[in-house]
Student: 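Just dropping this structure here.
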There are 2 protein chains.
Amino acid sequence: MKIGIVGMGLIGGSLALEFGDRGHEIWGVSRKESTCEAAIAQNVVSHASTELSSLSEVELVVLCPPIPAVLPTLEKLVQVLAPEAIVTDVASVKAPIVAKATELWPNFVGGHPMAGTTESGLQAAHRGLFTGASYVLTPISSTSPRAIEGVRSLLATLDVDLLSATPEAHDIAVAAISHAPVFVSASAIAAASSISDEATLKLAQMLASSGFRDTSRIGGGNSELGTAMAKFNREEVLRSLQIYRDCLNDCIAWIDREDWDSLRDFLDDQKQSRSDFVV
Amino acid sequence: MKIGIVGMGLIGGSLALEFGDRGHEIWGVSRKESTCEAAIAQNVVSHASTELSSLSEVELVVLCPPIPAVLPTLEKLVQVLAPEAIVTDVASVKAPIVAKATELWPNFVGGHPMAGTTESGLQAAHRGLFTGASYVLTPISSTSPRAIEGVRSLLATLDVDLLSATPEAHDIAVAAISHAPVFVSASAIAAASSISDEATLKLAQMLASSGFRDTSRIGGGNSELGTAMAKFNREEVLRSLQIYRDCLNDCIAWIDREDWDSLRDFLDDQKQSRSDFVV
């Protein structure tokens with residue numbers, strides 16, 4: 001199959017490698033000429049161009065640009081695509097994208113692979129990024145069944161857990177487990193950084209070990225991505241952060257009034273709950 | 001040297017292994033007979049007993065029981081110790097312990113190795129746990145210089161970064177980078193678990209990946225330890241959580257009024273700040 005990949009960063013590049021390994025012909029598109037050259041030189045794609053018009057003959061396109069660029073890119077892409085072509089995306093926000101994208105192109109199917117690393121860009125792309133990961137598709141009632149089947153059968157060749165959800169359920173779920181935690185985690189860095197005594201701050205920086213490393217990891221990531229998550233999934237991120245603040249306020253109140261039994265019960269509950277999220 | 005280890009869990013057991021490797025004779029004490037038997041069977045210690053009186057001839061004791069048991073254990077221990085014996089502890093809270101412990105035993109030096117794993121207990125003890133870790137000593141003006149030198153020269157044989165701080169500065173620093181993050185992290189689990197729609201909650205549980213795993217790790221740990229941190233370092237943990245809540249409220253306000261520039265600047269600042277804490 002001729003597959004177009006628009007945006008050859010971590011996700012786009014890694015998908016290109018996987019699809020290429022399975023015998024597909026990969027047509028990459030990047031805004032940057034240098035990325036096109038690197039993608040060809042590293043055998044990530046067979047063809048690369050800065051022009052969407054290069055995709056006029058592909059059968060399926062995966063849109064992998066930053067979240068804010070998905071719809072603007074699709075608007076241009078539909079002007080050059082073959083009428084039968086199927087389009088999917090990988091954005092971590094679905095409701096605001098899927099409705100408009102399906103209007104623009106009925107053969108659009110929203111998608112979101114739950115994979116990432118701290119690194120980004122083509123140089124971080126690698127085989128195996130998606131191995132064992134969940135990959136959510138978010139078709140809606142107006143999505144073409146042929147498009148769903150086309151995306152599903154392609155992704156079934158990867159070693160992923162293929163799931164289906166409404167765009168709305170997807171956005172609520174990722175607000176809780178991925179988007180809101182960015183701000184939870186970033187605030188932990190901000191709080192630690194606000195130690196006013198210089199020597200004590202230096203001590204804290206020296207003492208920070210694996211616990212702080214893990215808690216602060218996603219808060220110290222790509223600021224454009226974090227901002228886009230909040231902007232495009234604003235309502236659900238806000239709702240999730242407000243619930244989060246209520247939980248935190250409970251902790252603060254228990255500690256303040258020295259209610260150690262309630263605090264211990266809360267921690268016990270979370271230890272138990274976490275095992276439902278994390279194997 | 002004859003070294004006593006009271007409490008043969010993760011930290012006590014791992015110290016016993018390291019000190020034993022360096023030719024010291026290790027005398028272990030545990031409340032449980034089964035732990036004593038296991039410690040002997042696994043060659044973690046040379047001698048093991050459930051009685052503190054077994055330590056009457058050791059030259060140095062490391063107290064490694066749960067935080068609430070450090071002072072009660074020391075009160076009993078001082079009744080059997082040789083007058084010259086040096087005592088140190090490994091508790092993650094220092095101010096409330098060091099002052100009283102030094103009154104009980106002037107040869108007491110507070111200590112805190114910044115090492116841990118998700119596992120606990122003797123079966124989790126292993127060589128290398130402290131390799132490259134920071135190890136803080138918190139002497140006060142009434143601490144005997146000979147005791148400081150005794151603990152320091154023993155720990156200098158481990159591959160640790162040996163630091164010195166006041167108990168107060170230590171407690172402020174660990175509140176920010178270790179204790180408060182337990183409740184930050186636990187609240188993230190609680191918020192995610194509170195998704196009211198059952199199917200969406202199940203979806204969130206399936207989609208949770210490395211980001212949620214890391215952010216939630218220390219919140220899903222030992223509830224006794226988390227509660228003891230809050231109880232014994234209450235004032236600093238509260239102060240740290242209140243600062244944390246202010247940072248979180250800023251995030252919520254920026255998202256609420258769609259001030260994406262401020263949100264992005266905040267995330268950029270935290271990315272930068274994190275590099276001062278985590279190499």
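Small disclaimer: the values here were computed from a predicted structure and weren't measured. Letters A, B, ... are given to chains in the order of the sequence lines, protein chains preceding strands, and every chain is numbered from 1.
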Student: Given heavy-atom pairs under 4.5 angstrom as the criterion, report whether the side chain, backbone, both or neither of B:Ser216 touches chain A.
Tutor: both
Student: Report the option among A:Val174, A:Asn249, A:Asp246 that has the most heavy-atom pairs separated by less than 4.5 Å from atoms of chain B.
Tutor: A:Asn249
Student: Just checking, is any N or O donor in the side chain of A:Ser223 or B:Asp268 under 3.5 Å from an acceptor N or O on the other one?
Tutor: yes
Student: Looking at B:Ala176, B:Gly226, B:Ala186, which one has more heavy-atom pairs under 4.5 Å with chain A than the rest?
Tutor: B:Ala186
Student: Please determine, among B:Leu207, B:Val136, B:Asn222, the option with the most heavy-atom pairs under 4.5 Å with chain A.
Tutor: B:Leu207
Student: For B:His179 and B:Ser92, does a side-chain donor sit closer than 3.5 Å to a side-chain acceptor?
Tutor: yes
Student: Please look at B:Leu163 and chain A and tell me whether the side chain, the backbone, both or neither of the residue comes under 4.5 angstrom of a heavy atom of that chain.
Tutor: side chain
Student: Considering only heavy atoms and a distance below 4.5 Å, find which of A:Gln272, A:Arg245, A:Met206 pairs most often with chain B.
Tutor: A:Arg245
Student: Check this for me: does any side-chain nitrogen of one of B:Glu258 and A:Arg234 sit under 4.0 Å from a carboxylate oxygen of the other?
Tutor: yes
Student: Which heavy atom of B:Glu168 sits nearest a heavy atom of B:Ala95, and at what distance?
Tutor: OE2-CB, 4.1 Å
Student: Picking from B:Asp250, B:Ile252, B:Asp256, what satisfies side-chain contact (heavy atoms from CB on, under 4.5 Å) with B:Trp254?
Tutor: B:Asp250
Student: Using 30° and 60° as the class boundaries, would you call the ring planes of B:Phe212 and A:Phe277 parallel, tilted or perpendicular?
Tutor: tilted
Student: Give the member of B:Ala175, B:Gly221, B:Ser185, B:Ala115 that has the highest number of heavy-atom pairs under 4.5 Å with chain A.
Tutor: B:Gly221
Student: Salt bridge check, A:Arg213 against B:Asp214: does any charged N sit closer than 4.0 Å to a carboxylate O?
Tutor: no
Student: Top residue by heavy-atom pair count (under 4.5 Å) with chain A, among B:Asp269, B:Leu241, B:Leu238?
Tutor: B:Leu238
Student: Please look at A:Ile218 and chain B and tell me whether the side chain, the backbone, both or neither of the residue comes under 4.5 angstrom of a heavy atom of that chain.
Tutor: side chain
Student: Minimum heavy-atom separation for A:Leu267 and B:Phe183, please, with both atom names.
Tutor: CD1-CE2, 4.0 Å
Student: Does any heavy atom of chain B fall under 4.5 Å from the side chain of A:Ser134, the backbone, both, or neither of them?
Tutor: side chain
Student: Which of the residues A:Gly219, A:Ala228, A:Ala169 is involved in the greatest number of heavy-atom pairs with chain B at under 4.5 angstrom?
Tutor: A:Ala169
Student: Indicate yes or no: does A:Lys94 engage A:Asp89 in a salt bridge with an N to O separation below 4.0 Å.
Tutor: yes
Student: Which heavy atom in A:Val237 sits nearest to a heavy atom in A:Ala230, and how many Å separate them?
Tutor: CG2-CA, 4.4 Å
Student: Can you say whether B:Ile195 sits under 4.5 Å from chain A via the side chain, the backbone, both, or neither, judging by heavy atoms?
Tutor: side chain
Student: Answer with side chain, backbone, both or neither: which region of B:His112 has an atom nearer than 4.5 Å to a non-hydrogen atom of chain A?
Tutor: neither
Student: Which of the residues A:Val182, A:Ile172, A:Thr215 is involved in the greatest number of heavy-atom pairs with chain B at under 4.5 angstrom?
Tutor: A:Thr215
Student: Which atoms of A:Ser273 are under 4.5 Å from chain B, going by heavy atoms: the side chain, the backbone, both sets, or neither?
Tutor: both
Student: Could you tell me whether A:Arg264 and B:Glu224 have a side-chain N and a carboxylate O separated by less than 4.0 Å?
Tutor: yes
Student: Looking at B:Ser193, B:Ser275, B:Ser178, B:Pro181, which makes the most heavy-atom pairs under 4.5 Å with chain A?
Tutor: B:Ser193
Student: What part of A:Phe266 gets within 4.5 angstrom of chain B, counting heavy atoms only: side chain, backbone, both, or neither?
Tutor: side chain
Student: Which pair of non-hydrogen atoms, one from B:Asn233 and one from B:Asp171, has the smallest distance, and what is that distance?
Tutor: ND2-O, 3.0 Å
Student: Quick one: which of B:Ala165, B:Cys247, B:Ser187, B:Ser194 has the most heavy-atom pairs under 4.5 Å with chain A, could you say?
Tutor: B:Ser187
Student: What residue, out of A:Asp265, A:Thr200, A:Leu201, has the most heavy-atom pairs lying under 4.5 Å from chain B?
Tutor: A:Thr200
